[in-house]
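This report concerns only the one structure given below.
Values below: every heavy atom of this structure, side chains too, minus hydrogens, waters and symmetry copies. So that the names make sense, note that chain A is the first sequence line, chain B the second, and so on, each numbered from 1. Here the structure is a predicted model, which is why all the values come from computation and not from measurement.
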Number of protein chains: 2
Amino acid sequence: MSSPTTPRRGYHHGDLRAGLIREGIALLGETGVAGFSVAKVAVRAGVSSAAPYRHFPDREALLAACAAAILAEITDLLAAAAEQAGPDPLDRFAATAGAYTRYVLEHRAGIDLIYSYDFSGPHHPTIQEQSRHLTGTLMDLASAVLPADTSWADTADFVYVHLSTTHGYATLLMKVTRRPPEDIDSLAARAVTAARDHITGYLQRLLR
Amino acid sequence: MSSPTTPRRGYHHGDLRAGLIREGIALLGETGVAGFSVAKVAVRAGVSSAAPYRHFPDREALLAACAAAILAEITDLLAAAAEQAGPDPLDRFAATAGAYTRYVLEHRAGIDLIYSYDFSGPHHPTIQEQSRHLTGTLMDLASAVLPADTSWADTADFVYVHLSTTHGYATLLMKVTRRPPEDIDSLAARAVTAARDHITGYLQRLLR
DNA sequence: GTCTATAGGGAGATAGAC
DNA sequence: GTCTATCTCCCTATAGAC
């Protein structure tokens, strides 16, 4: 992460901005948005509580940067999971539910930021861009599953339900499993099954 | 709400405990857990910031009381929705998704408390009891939908996925729709359809 | 760019009067 | 049971030295 020439005591004189985002995400994972503070992130990164304000104008900007980074990572994970799932479109699409669940369980909270905070305003273009990127990835995968004549709006609706229900499953699971369970695999597999059930029922309904 | 004999200036000398819970829920609905504070609730209820501590030992106890009240109301709404849905078991079960979505959209946040706060410890027996009550209601409805030989564990699993995915749909919807939409009906109907798709897919999978 | 120091505010919780 | 007053802590954000 650090260039070979920098001695790198903490993040001093290194890439503090990136370090703050990383520690911010870690803190969010441990305490949720409620326990988040600029001061704590600064301590974790090994700098004074004033240092972050040289890189982010205020608390919300740091939160937004963390949210954007989380969204980007999730998007990558979903795409990778689809890739690993093989050639079958249904397998590929359903696999995203497993990857999402796995991410939430492994990073505990963290993700609640995106859904508990209001970043929908025009002040956070990066988040909106990442959000579109995530949606676009799922839209592509969904298009391969749904009938060829499915409209864009219907595809978007389907993706929306898929994403939101997967999110609900993963987050509620995170709440219930007090400690990180060893069998994340089986829980992620259950999410995939639920996603497949959803697709099956959806396609079945179209036939009638 | 107040007895006929009490003059009732604010909640003074009235049922302050109930008033605090009511105002607490209202505040949660407006600001979410992040904006919740005992002081604000006190002001809303028309009492000083110290008064709540005569009824609740600390902030968390008040939050827990609000959560329990919300859970109880939701349970009633789900049961009522099933009742109104008619005799068909599938209709009755799926109707709970609509009622849940309607509640979340009408009360905005509020419900995020239950899923963003950790009440799973043994310190909140009321919440756990209400939670069991909610689950039990859904278990009964699910039993009528699933095959007669379905095990308790499988029924519970099915209910869990139904509840969590419905929750995810409703909450993400709440985030996206900036202002309370006029067409809550259509959004609730979409939730019912998603629930039906889930059931259909689930039953279909059992056949194979 | 990072530090120390601090202003300013909000919120949890308690003490004692009434 | 409710009030006023207050203590303490933590957090956001800024000012100015280095």
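A straight line from CZ of A:Arg54 to P of D:dC18 spans 16 Å, rounded to a whole angstrom. Straight-line distance from the CG atom of B:Leu62 to the P atom of C:dA13: 11 Å, rounded to whole Å. The nearest whole Å value for the distance from the CZ atom in B:Arg44 to the P atom in C:dA11 is 13 Å. Atoms CG (A:Asp15) and P (C:dG1) sit 11 Å apart, rounded to a whole Å. As a whole-Å value, the separation of A:Asp58 CG from D:dT14 P is 8 Å. Here D:dG1 presents its C1' atom at 9 Å from CG of B:Leu16, a figure rounded to the nearest Å. In this entry the distance linking CG of A:Leu20 with C1' of C:dT2 reads 12 Å, nearest Å. If you measure from atom CG of B:Leu63 to atom C1' of C:dA11, you get 13 Å, rounded to the nearest angstrom.
A side-chain N or O of B:His162 and one of B:Thr96 form a donor-acceptor pair less than 3.5 Å apart.
Here C:dA11 is the nucleotide among C:dC3, C:dA11, D:dT4 with the atom lying nearest to any side-chain atom of B:Ser37. The listed nucleotides are D:dT2, C:dT2, D:dA13; the one nearest the side chain of A:His55 is C:dT2. Closest to the side chain of B:Lys40, out of D:dT2, D:dT12, C:dA11, is C:dA11. Distance from the side chain of B:Tyr53 is smallest to C:dT14 among D:dT2, D:dT12, C:dT14.
Backbone-only engagement by B:Ala39 is indicated by non-hydrogen atom pairs under 4.0 Å involving sugar-phosphate atoms exclusively. Heavy atoms of B:Ala51 sit under 4.0 angstrom from primed sugar atoms or phosphate atoms, though from no base atom.
Between B:Arg59 and the phosphate of C:dG12, there is a side-chain N or O to OP1/OP2 separation shorter than 4.0 Å.
Salt-bridge formation is not detected for the pair B:Glu30/B:Lys40: no Lys NZ or Arg NE/NH1/NH2 atom is positioned less than 4.0 Å from an Asp or Glu carboxylate oxygen.
Aromatic ring pairs are classed by plane angle as parallel below 30°, tilted from 30° to 60° and perpendicular above 60°; the pair B:Tyr160 and A:Tyr169 is perpendicular.
At distances below 3.5 Å, not a single donor-acceptor pair connects side-chain atoms of B:Tyr202 with backbone N or O atoms of A:Gly201. Remark: the backbone N or O of B:Val161 is not paired with any side-chain donor or acceptor of A:Arg190 at under 3.5 angstrom.
Nearer the 5' end of DNA chain C, as judged by each residue's closest nucleotide, is the contact made by A:Ala50, out of B:Glu60 and A:Ala50.
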